[in-house]
Number of protein chains: 2
Amino acid sequence: MSKKIKNMEEFAAVSGISRPTLSKFFNDPNSVRTSTKQRIEAALERYDYQPNLYAVNQNRRLTKNIGIVVPNLSDPFFAKIARVIEDHILQTSFRPVLLGSHGRPELEIENLENLRSIKPAGVLLAPIGRASDRQHIEAFCKEVPTVLFDANIEGVGEAFVGSNNEHSIGIMVDYLCRTGEPPSFFEMKSPTNPNAIKRRNAYITAMEALGYTPHLVQAEGEGWEFEDIGFKQGLRALREGKFSTNTVLCSNDRLAIGLLSAAFEEGLRVGIDPNCALRIAGHDDHPFSQFTCPTLTTVSQDYEAIAKRSVEALFDTIDAKTSGDSREETLFDGRLVMRSSA
Amino acid sequence: MSKKIKNMEEFAAVSGISRPTLSKFFNDPNSVRTSTKQRIEAALERYDYQPNLYAVNQNRRLTKNIGIVVPNLSDPFFAKIARVIEDHILQTSFRPVLLGSHGRPELEIENLENLRSIKPAGVLLAPIGRASDRQHIEAFCKEVPTVLFDANIEGVGEAFVGSNNEHSIGIMVDYLCRTGEPPSFFEMKSPTNPNAIKRRNAYITAMEALGYTPHLVQAEGEGWEFEDIGFKQGLRALREGKFSTNTVLCSNDRLAIGLLSAAFEEGLRVGIDPNCALRIAGHDDHPFSQFTCPTLTTVSQDYEAIAKRSVEALFDTIDAKTSGDSREETLFDGRLVMRSSA
DNA sequence: GAATAATCTTTACGCGCGTAAAATAATAAA
DNA sequence: TTTATTATTTTACGCGCGTAAAGATTATTC
């Protein structure tokens with residue numbers, strides 16, 4: 001708790017330990033003898049010193065940084081999964097570096113460029129999706145071990161970890177059909193996210209398997225303001241009677257939250273009860289979906305499993321060093337979360 | 001679009017520009033003659049080179065990094081304001097480094113430590129609040145120019161930028177009293193955030209000024225799961241008839257969202273209409289408050305102004321170099337957002 | 001076209017640390 | 001205690017870039 005130490009040389013002088021040994025210690029405290037380790041730690045108590053991050057990393061080919069890039073940190077879904085991933089990384093000797101792309105492909109690329117300049121050991125990337133600059137990302141993945149999560153880009157990155165949309169939409173459609181009228185599917189007309197496409201197809205497949213005619217209701221609009229789009233386009237769809245039955249399955253929870261709001265505006269009672277006019281279901285188990293009115297029936301993505309597996313997959317490829325012979329795709333099944341909206 | 005360049009020396013060779021000039025260019029492209037700049041930029045098109053970040057910064061006393069630390073990135077309020085701040089910084093030659101503390105004071109300190117090791121030019125910090133390690137933060141602020149925002153810690157940092165809670169609670173109480181029964185105040189019993197204390201006091205003052213008796217309803221609970229606390233404790237308060245009138249002003253929107261959900265659960269109609277059983281108002285204009293059912297009447301914090309002023313204040317102190325003679329506190333007035341819940 | 005100013009090149013050193021090699025010291029095994 | 005093993009110290013060099021100084025080149029001005 002005293003004098004400020006400038007560099008490792010100086011710290012070596014005051015602590016009575018040679019500089020190379022200190023260097024070893026800071027790289028891995030257990031690589032030195034226990035008695036030495038204790039002496040160093042005692043000295044660290046008394047003197048305020050930490051190695052210069054920039055000098056430490058300048059000769060390293062790789063650092064101990066792991067980049068995390070998500071499309072939009074303002075979306076609680078990504079905030080949540082990023083948080084879980086961060087926690088997993090913090091439990092290792094690596095450090096997470098979290099970047100959000102604000103939904104903008106240019107920023108996504110810029111984030112990757114910036115990451116490249118800090119020479120990360122690896123990167124976990126949830127691509128924006130359709131709008132992403134595939135070429136650029138592909139080039140990046142060739143230089144830095146990268147695992148994609150949430151949104152897949154075929155053939156890019158060392159691995160992909162995400163949700164099994166076929167399964168989750170399947171169980172939801174089954175559930176809805178079993179307990180009431182078959183659902184229409186409410187989605188963005190031109191979704192940025194590839195999961196949306198998979199969900200649409202899964203919906204169609206599931207409906208046909210049950211002998212029903214699929215019915216898509218597509219919302220116009222671009223961007224990430226899903227609640228707003230869900231509200232405005234949902235309101236219009238409700239007024240124009242676009243939904244073929246009393247049941248709507250939304251492509252994601254944020255759209256569902258908007259639709260819920262629109263239904264309320266229209267004075268429509270939403271819920272599973274027989275005296276309700278509408279049933280609405282979502283997908284993702286968005287952090288807020290348990291507080292909507294009524295609470296939202298949805299499919300929970302397995303955040304924990306996706307985060308854990310993504311991190312594992314990344315460390316696997318980092319350790320293996322053998323880049324990209326086999327690209328593994330891991331999909332986790334969702335879980336039906338029955339609440340009161342459907 | 002070709003050969004990979006290892007270092008500036010090599011890039012100097014292939015581009016025909018001397019290394020010191022290149023160094024100048026990378027520090028400020030406009031510090032070299034236009035013709036030279038063009039030659040360099042042309043070479044950059046053909047060769048893949050970017051200066052080694054670590055080598056660049058190792059001799060600098062300060063880097064071009066600005067740290068941003070918020071209590072919790074999973075809270076859309078902080079996600080949003082962080083996003084606006086990031087945008088402001090991106091418009092300068094500085095780069096934002098965003099860190100969330102997951103609501104944990106240890107992580108907050110760790111984030112600051114990590115920031116210190118990257119030698120940021122300055123830091124924008126929204127402290128967790130009561131739980132924050134004041135001593136540690138104070139010590140940090142003495143080394144790195146730091147501007148606090150959202151939550152104030154008296155005397156710490158070069159400046160503080162936040163909301164004028166007295167004003168915003170004042171106008172809300174006025175509005176509620178003018179249009180119906182005077183409100184109870186629903187809040188956390190022991191809030192982490194200092195704004196909560198100010199809002200409580202502002203509520204009491206405003207009520208007394210209007211000749212009403214203040215009535216506090218305090219929710220037990222710790223942590224950041226405000227919606228959940230608002231729901232559970234709100235449900236109990238409703239059942240036990242804890243609210244003295246049909247009107248409730250919540251300390252923040254997330255609590256209000258929980259209470260809204262509880263009211264729905266209890267079959268209570270919420271809204272400004274005469275045939276409704278309850279009026280609920282919030283504070284913050286949380287991104288989701290326009291999609292609740294009913295939409296939430298609240299006070300909008302001036303995100304844009306707070307973000308802008310915070311960044312300005314930080315650059316002021318960075319430029320001035322003269323650390324902390326006068327600590328400036330800037331408060332922005334909120335704006336009443338009338339929607340349908342109250 | 002010469003004089004002045006601005007810019008560039010050459011040369012050289014330093015930053016703080018990683019790390020290799022050889023010598024020395026501390027520990028463990030015999 | 002001696003020997004074998006492991007850990008530490010000494011010495012020395014390199015990483016990629018910032019930057020200072022002095023001389024050479026270019027642009028600007030009259």
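Chain letters run A, B, ... following the sequence lines, proteins first and then strands; every chain starts at 1.
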Distance-only side-chain donor-acceptor flag, [X] / [Y], under 3.5 Å:
X	Y	answer
B:Asn57	B:Thr63	no
A:Glu312	A:His88	no
B:Glu108	B:His136	no
A:Ser117	B:Gln50	no

Euclidean distance, atom [atom1] of residue [X] to atom [atom2] of [N] [Å, nearest integer]:
X	N	atom1	atom2	result
A:Asn7	C:dG16	CG	C1'	6 Å
A:Asn57	C:dT19	CG	P	11 Å
B:Leu22	D:dT19	CG	P	15 Å
B:Glu9	D:dG14	CD	P	14 Å
A:Tyr54	C:dG16	OH	C1'	14 Å

Inset, instruction - Check for a donor-acceptor pair, side chain of B:Asn52 on one end and backbone N or O of B:Asn7 on the other, with a separation under 3.5 Å. - result: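 Here the side-chain-to-backbone pair does not exist.
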
Inset, instruction - Between B:Thr21 and B:Ala55, just flag the one whose closest nucleotide in DNA chain C comes earlier from the 5' side. - result: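 So the residue in question is B:Thr21.
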
Legend entry - Side-chain heavy atoms of B:Ile89 within contact of B:Val311, under 4.5 Å: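 Yes - at least one pair of side-chain heavy atoms lies under 4.5 Å apart.
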
Legend entry - Under 4.0 angstrom between A:Asn52 side-chain N/O and C:dG16 OP1 or OP2: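 So the side-chain polar atoms of A:Asn52 never come under 4.0 Å of the phosphate oxygens OP1 or OP2 of C:dG16.
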
Legend entry - Any A:Ser18 side-chain nitrogen or oxygen under 4.0 Å from OP1 or OP2 of D:dT8: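 For D:dT8, neither OP1 nor OP2 has a side-chain N or O of A:Ser18 closer than 4.0 Å.
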
Inset, instruction - Report yes or no: is the cationic atom of B:Lys119 (NZ for Lys, CZ for Arg) closer than 6.0 Å to the six-membered ring centre of A:Tyr54, at no more than 45° off its axis? - result: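 No, B:Lys119 does not lie over the aromatic ring of A:Tyr54.
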
Inset, instruction - Take the angle between the ring planes of A:Phe77 and A:Tyr303 and call it parallel below 30°, perpendicular above 60°, tilted in between. - result: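 The arrangement is tilted - the two ring planes meet at 30° to 60°.
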
Would you list the protein and nucleotides 11-13 of chain C atom pairs, both N or O, that sit under 3.5 Å from each other?
{"unit_1": "C:dA12", "atom_1": "N6", "unit_2": "B:Arg19", "atom_2": "NH2", "d": "3.4"}

Inset, instruction - Take A:Arg116 and B:Asp48, measure what salt bridge (Lys or Arg N to Asp or Glu O under 4.0 Å) needs, and give me the verdict at the end. - result: CA-CA 12 Å; A:Arg116 206 172 64 136; B:Asp48 182 19; 3.3 Å; yes

Legend entry - Pair of N/O donor and acceptor under 3.5 Å linking C:dC17 base with A:Gln58 side chain: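 Such a pair does not exist between side chain and base.
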
Inset, instruction - Check each residue of residues 24-41 of chain B for a non-hydrogen atom within less than 4.0 Å of any atom in DNA chain C, then write out the ones that pass by number, or none. - result: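 Contacts with DNA chain C under 4.0 Å: B:Val32, B:Arg33, B:Thr36.
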
Legend entry - From C:dC17, D:dT9, D:dG18, nucleotide with atom closest to A:Tyr49 side chain: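 Selected nucleotide: C:dC17.
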
